[in-house]
Asker: 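Next up is a structure, given as structure tokens.
Numbering of ligands and ligand atoms starts at 1, following listing order. These figures come from a predicted structure and were not determined experimentally.
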Amino acid sequence: MVKRYKKRLGQHFLYDSNVINKIIDVIRPSKKDIFLEIGPGEGALTNSLYNVIEKIYLIEKDKDLIPFLKHQYDNTKKIHIINADILKYDLSKLMKSQFRIIGNLPYNISTEIIFRVITMAPKIKDIHFMLQKEVIERIVSTPGSKIYGRLSVMTQLYFNVKKLFNISANVFIPKPKVDSAYIRLLPRKTRFLNQNHEISFKKIVTIAFTARRKMIKTSLKKFIDEDTLKSLSIDPKSRPETLSVDNFMDISKNVK
Ligand code: SAH
């Protein structure tokens, strides 16, 4: 067990075998699987996976944990330990075939990690993340909810999302100040016409939610006019939080 936990790296390690088993149960690892684990820490999840599966890549930023991980797993060719920052590492180098992604994420950067990983959707078989409960609630929230926003739209665009269960703060060392939960993301087919369309979708969603209180006819004026919105059965006076992922898709297809 490490003696000092690094707060700036969001280190809250899981030592509770009941919770670990519950997580492995929902992940259902199988022999042919190739995993990418973000932030393995001391291997709480890795330990339960590596006997079962084909290959696992670990991306851990904390260089002080690397000797420990290497010592733990050195004898196995199944495990590739990468000392890197997940926000900087070029995942496309790694993900040549379909990957399963897991991680008990560092909460201080969890939404950044999600925004980064979701665009890899075509290369992903599924994602299982432990996150702060509120972040999971934002991801799964639906139009009309106060917490529905850019994170919900962007994640639901690329994935079917499902909250699986809550996890008590008491099972971590050190104990986090926030509650946790577990989520599964399964890739869905996106219907972008081309790469430019994908870029303009992201731009529109970002701009609309940056001006959350503004009517979309105002915030998106540069991109779409009122008549076009009406022709798409979208009220120009609506606010972004009432628009579905499909509405945003329709808008992005009709930008000026
Ligand atoms: N999976 C372990 C640890 C979870 S804590 C467990 O459940 O016990 C989060 C982990 O993410 C820590 O090991 C931390 O060092 C690592 N981490 C933090 N920021 C990171 C980053 N940018 N890239 C990769 N790993 C990171």
Asker: Can you list, by chain and residue number, every protein residue with a non-hydrogen atom closer than 4.0 Å to ligand 1?
Answerer: Leu9, Gly10, Gln11, His12, Phe13, Leu14, Glu37, Gly39, Pro40, Gly41, Ala44, Ile59, Glu60, Lys61, Asp62, Leu65, Ala84, Asp85, Ile86, Asn104, Pro106, Ile109
Asker: Any Lys/Arg nitrogen of Lys125 or Asp33 sitting under 4.0 Å from an Asp/Glu carboxylate oxygen of the other?
Answerer: yes
Asker: Output all residues satisfying side chain to side chain donor-acceptor pair (under 3.5 Å) with Lys175, sequence neighbours left out; order by chain, then residue number.
Answerer: Asn170
Asker: What's the spacing between Ile56 CD1 and Leu36 CG if we round to 0.5 Å?
Answerer: 8.0 Å
Asker: Do Tyr5 and Phe172 make the cut of ring centroids closer than 6.0 angstrom?
Answerer: no
Asker: Tell me if a side-chain donor or acceptor on Gln156 pairs with a main-chain N or O of Ser141 at a distance below 3.5 Å.
Answerer: yes
Asker: Phe35 vs Tyr50, test: ring-ring contact (aromatic ring centres under 6.0 Å, His included). Steps then yes/no.
Answerer: CA-CA 10 Å; Phe35 276 89; Tyr50 85 108; over 10 Å; no
